[in-house]
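Since the model is a prediction, treat every value here as computed from it, not as a measurement.
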Amino acid sequence: MMELPEMIRTIEAVRTESAGLADFLKGLDEDDWLRVSACPEWKVGDVVAHLAQGGHSWVAYIGRALAGNTTPPPGQQLLRPGDRGSEATAQRAIEQHQSQSKQELLDSYNSGYDQLYQLMLELKPENWELPCFHRRALSSIHEMVARRVQELAIHGWDIRSTFDSSHQLSEPAIGVIVGLAHRWFTSTFSPQADANTPVRYRFDISGPAPVLEDVVVYQDRFDLEASSSGPAAVTFRGSGNDYLLLIYGRLSVRGADNNSNLEIDGSLEQAALFNTWFRGV
């Protein structure tokens with residue numbers, strides 16, 4: 001059973017990330033909401049709409065899980081293996097942004113996360129591992145809450161970095177999201193039939209959530225291994241912020257020295273291919 005302190009930390013990370021971003025958004029004007037974010041092809045307002053939709057969806061998903069219902073909500077279904085859900089998700093967000101004012105979007109965002117926080121406060125440790133619907137596969141309520149931290153932190157970075165290129169992920173968020181990295185690799189792996197493999201990528205990442213791990217990529221699969229003393233094609237060294245921005249495709253390897261402390265040892269060509277192997281969904 002999940003320990004209560006970890007449960008509280010994860011829930012509070014949702015609250016902190018959602019509230020902090022809401023305060024930031026209040027200071028933006030209408031033109032700011034039309035700026036292109038760091039999330040490709042999404043304006044700031046589109047990202048806000050996406051996060052607002054996620055808050056309301058998570059209320060429904062977790063509420064159904066607590067009632068013992070793991071079936072897809074009306075109008076939704078599980079994605080088939082290989083399906084990419086990003087296009088439909090992006091279109092829904094764009095349409096909401098186009099149809100609502102800044103204040104309407106902010107109200108929707110705030111109401112969704114207020115409801116979600118109140119629902120999460122009702123959770124008990126024995127609820128934490130209950131199965132819950134997610135479009136890719138059933139997940140525990142614990143993982144669903146952690147994924148909301150992921151969405152808020154990464155997309156919050158997409159928005160904030162547009163106005164401040166030095167913005168970094170918060171330490172509480174990093175501590176939660178690093179635990180989702182393995183699932184992210186599995187969900188985003190894209191086989192490359194003509195690639196010269198295997199390629200060993202080594203991560204030597206410092207706190208607040210250290211990572212010492214190798215990702216070994218083959219044409220049609222990858223393996224996760226404990227780091228060894230053997231050679232690696234590429235070694236990435238940096239902070240948890242650098243690690244997460246890299247694996248979530250927000251950090252350009254070739255321009256990494258401009259906006260991060262990421263160090264790259266080995267082939268820059270192979271390093272640049274990392275986000276071809278693992279790309280967002």
Side-chain angles (χ1 to χ4, degrees), residues 7-39 42-66 73-76 88-123 127 132-135 141-164 167-177 180 248:
M7 177 177 168
I8 292 173
R9 282 195 298 270
T10 309
I11 290 172
E12 286 305 314
V14 174
R15 181 62 169 174
T16 301
E17 293 297 318
S18 61
L21 182 57
D23 288 341
F24 179 83
L25 293 171
K26 290 176 186 176
L28 302 184
D29 60 28
E30 298 287 349
D31 288 339
D32 291 334
W33 281 53
L34 296 176
R35 290 180 64 167
V36 177
S37 76
C39 189
W42 279 19
K43 298 175 182 176
V44 167
D46 300 334
V47 182
V48 177
H50 172 63
L51 289 173
Q53 291 170 358
H56 288 285
S57 294
W58 256 238
V59 171
Y61 296 160
I62 294 175
R64 289 165 69 87
L66 290 172
Q76 299 194 42
T89 298
Q91 188 57 41
R92 285 194 299 271
I94 292 169
E95 289 173 357
Q96 182 174 356
H97 178 207
Q98 291 175 341
S99 66
Q100 293 187 331
S101 68
K102 170 190 168 184
Q103 191 58 52
E104 287 173 327
L105 274 177
L106 270 176
D107 289 345
S108 177
Y109 173 92
N110 287 326
S111 66
Y113 287 99
D114 286 345
Q115 293 174 46
L116 180 58
Y117 185 61
Q118 291 304 313
L119 178 60
M120 291 189 301
L121 288 179
E122 299 173 7
L123 294 173
N127 301 142
C132 184
F133 169 81
H134 186 272
R135 62 182 183 170
I141 288 179
H142 170 206
E143 187 170 340
M144 292 295 286
V145 176
R147 281 180 169 178
R148 194 73 340 231
V149 178
Q150 168 191 288
E151 286 287 295
L152 286 162
I154 298 299
H155 284 310
W157 184 90
D158 289 334
I159 293 171
R160 293 181 190 231
S161 66
T162 303
F163 303 91
D164 176 9
H167 177 72
Q168 296 201 353
L169 304 174
S170 71
E171 287 194 7
I174 291 170
V176 172
I177 304 170
L180 299 175
Y248 283 89

Answer yes or no: is there a side-chain heavy-atom contact under 4.5 Å between [X] and [Y]?
| X | Y | value |
| --- | --- | --- |
| L105 | H97 | yes |
| H56 | S111 | yes |
| Q76 | Y61 | yes |
| L116 | V145 | no |

Might you point out which heavy atoms bring [X] and [Y] nearest each other, and give the distance in Å?
| X | Y | answer |
| --- | --- | --- |
| W157 | H167 | NE1-O, 3.0 Å |
| V149 | A13 | CG2-CB, 3.8 Å |
| A146 | V176 | CB-CG1, 3.7 Å |
| L169 | A153 | CD2-O, 3.5 Å |
| S37 | T162 | CA-OG1, 3.4 Å |

Heavy-atom donor-acceptor pair, [X] side chain to [Y] backbone, under 3.5 Å:
| X | Y | value |
| --- | --- | --- |
| H50 | E151 | no |
| N110 | L106 | yes |
| Q53 | R92 | yes |
| Y109 | S18 | yes |

How many angstroms lie between [atom1] in [X] and [atom2] in [Y], if you round to the nearest 0.5 Å?
| X | Y | atom1 | atom2 | answer |
| --- | --- | --- | --- | --- |
| D31 | K102 | CG | NZ | 10.5 Å |
| L152 | Y113 | CG | OH | 4.0 Å |
| I141 | W58 | CD1 | CH2 | 12.5 Å |
| Q96 | D46 | CD | CG | 10.0 Å |
| Q150 | I174 | CD | CD1 | 13.5 Å |
| R15 | L121 | CZ | CG | 8.5 Å |

NZ/NE/NH1/NH2 to OD/OE distance under 4.0 Å, [X] and [Y]:
| X | Y | value |
| --- | --- | --- |
| K26 | D23 | yes |
| E143 | R147 | yes |
| K43 | D158 | no |

| Verdict with supporting geometry, I159 and L25, side chain to side chain contact (heavy atoms under 4.5 Å, CB included) | CA-CA 9 Å; I159 293 171; L25 293 171; 4.3 Å; yes

| query | Is the closest side-chain donor-acceptor distance between R135 and S57 under 3.5 Å? | reply | no

| said: Can you confirm whether the side chains of Q118 and E122 place a donor and an acceptor under 3.5 Å from each other? | reply: no

| task | Test F133 against R64 for side chain to side chain contact (heavy atoms under 4.5 Å, CB included), laying out the working first. | result | CA-CA 8 Å; F133 169 81; R64 289 165 69 87; 5.9 Å; no

| E95, CD atom: more than 12 neighbouring heavy atoms under 6.0 Å | yes

| query | Hey, mind stepping through D32 and V44 against side chain to side chain contact (heavy atoms under 4.5 Å, CB included) and telling me if it holds? | reply | CA-CA 7 Å; D32 291 334; V44 167; over 6 Å; no

| message | Between L21 and E17, does the side chain to side chain contact (heavy atoms under 4.5 Å, CB included) criterion hold? Intermediate values first, please. | response | CA-CA 6 Å; L21 182 57; E17 293 297 318; over 6 Å; no

